[in-house]
Amino acid sequence: MKKLLLLCAIYLCTIPAFSQKGHNQLGIGADVAFPTGDLADGVKTGFGGYVKGLLGVGTNGQLTFTTGYTSFGWNDDEIGIDVDGSFSVIPLLLGYRQNFSGFYVEPQLGLGIYNSKIKFMDESESDSESAFTWAIGLGYVINQAFDIGFRYQSATKDSEELNHFGLRLGYNFNLGGAK
């Protein structure tokens with residue numbers, strides 16, 4: 001009985017979101033990431049790409065799912081030794097984008113997968129861990145397609161802050177819905 005009530009509640013809560021007309025899109029683009037805090041002590045500026053699904057809710061809102069890949073090189077000067085390898089981030093973030101005549105605000109929550117690879121002399125090490133990750137983004141969309149954005153992304157793992165500011169340039173493909 002409890003399962004039936006839970007299913008009915010989920011159904012009643014989700015139908016209004018999907019029955020509203022909205023702007024559905026698929027976005028792709030490139031990121032430049034500037035590490036801050038603890039992360040800046042060990043890595044250089046990062047570069048990567050992203051894919052974002054945007055599901056229209058109402059006339060000015062969109063539910064979002066963002067994933068991608070950003071890779072940072074090790075900062076040899078800060079580490080104190082000459083090393084090869086990289087540090088990378090794969091975000092899996094759900095969010096909500098509120099649009100204001102081209103401008104938008106987009107808070108996000110989810111999981112980040114953090115990978116490190118290091119090679120020093122003839123030794124290699126790699127590690128992959130995940131952590132709760134949040135982000136807040138601001139941006140502007142030109143002609144409902146070209147997306148120029150700025151975001152702050154943050155996670156804490158084992159008392160270390162894995163934070164960065166990102167600049168994003170992308171293109172959103174229309175998948176239907178209201179314009």
Side-chain angles (χ1 to χ4, degrees), residues 10 13-37 39-40 43-73 86-117 128-157 161-179:
I10 291 170
C13 290
T14 58
I15 290 300
F18 290 107
S19 65
Q20 297 179 27
K21 292 185 178 182
H23 196 174
N24 302 323
Q25 297 176 301
L26 178 67
I28 60 170
D31 281 326
V32 177
F34 304 96
T36 64
L39 189 58
V43 300
K44 301 176 185 176
T45 300
F47 300 92
Y50 73 93
V51 175
K52 179 183 296 254
L54 299 109
L55 176 66
V57 180
T59 56
N60 293 320
Q62 293 172 302
L63 297 175
T64 65
F65 174 74
T66 304
T67 189
Y69 181 84
T70 302
S71 181
F72 302 84
S86 64
F87 179 81
S88 62
V89 179
I90 301 171
L92 303 168
L93 301 173
L94 293 171
Y96 178 78
R97 179 181 282 192
Q98 182 64 44
N99 298 294
F100 304 96
S101 301
F103 290 97
Y104 65 82
V105 175
E106 182 180 4
Q108 298 175 302
L109 298 173
L111 182 72
I113 302 169
Y114 299 88
N115 302 301
S116 62
K117 294 178 186 175
S128 181
E129 297 189 30
S130 59
F132 171 77
T133 302
W134 64 269
I136 183 75
L138 304 169
Y140 187 76
V141 178
I142 301 166
N143 294 329
Q144 296 183 351
F146 295 99
D147 192 337
I148 301 167
F150 174 78
R151 81 178 183 299
Y152 179 75
Q153 184 171 308
S154 179
T156 302
K157 183 70 176 174
E161 294 180 4
L162 306 171
N163 307 331
H164 68 269
F165 286 100
L167 294 176
R168 176 170 280 180
L169 181 60
Y171 187 84
N172 297 329
F173 296 93
N174 188 17
L175 299 178
K179 289 190 176 191

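Everything numeric in this text was worked out from a predicted model, so none of it was measured.
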Smallest separation among heavy atoms of L109 and F132, with atom names: CD2-CZ, 3.7 Å

F173 and I28: CA distance, side-chain angles, deciding distance, side-chain contact (heavy atoms from CB on, under 4.5 Å) verdict: CA-CA 8 Å; F173 296 93; I28 60 170; 3.8 Å; yes

Atom NZ of K117: over 12 foreign heavy atoms under 6.0 Å: no

Any residue meeting ring-ring contact (aromatic ring centres under 6.0 Å, His included) with F103, in chain and number order, not counting sequence neighbours: Y140

For F65, ring-ring contact (aromatic ring centres under 6.0 Å, His included) partners two or more places apart: none

F150 and F165 aromatic ring geometry - parallel, tilted or perpendicular at 30°/60° bounds: parallel

For the student: nearest non-hydrogen atoms of L111 and T133, plus distance: C-OG1, 3.8 Å

Test applied, side chain to side chain contact (heavy atoms under 4.5 Å, CB included); reference residue, L63; option that passes from N24, V57, L54: V57

Atom of S86, atom of S71 and distance for their closest heavy-atom approach: CB-OG, 3.7 Å

Nearest atoms (heavy-atom pairs only) where Y96 meets T64: N-OG1, 3.9 Å

With sequence neighbours excluded, residues passing salt bridge (charged side-chain N to carboxylate O under 4.0 Å, His left out) with R97: E106, D147

Atom of A155, atom of Y114 and distance for their closest heavy-atom approach: CB-OH, 3.2 Å

Residues K52 and T66: side-chain donor-acceptor under 3.5 angstrom: yes

Gap separating the CZ atom of R168 from the CG atom of D31, nearest 0.5 angstrom: 4.0 Å

Closest non-hydrogen atom pair, S128 against N115: OG-OD1, 2.5 Å

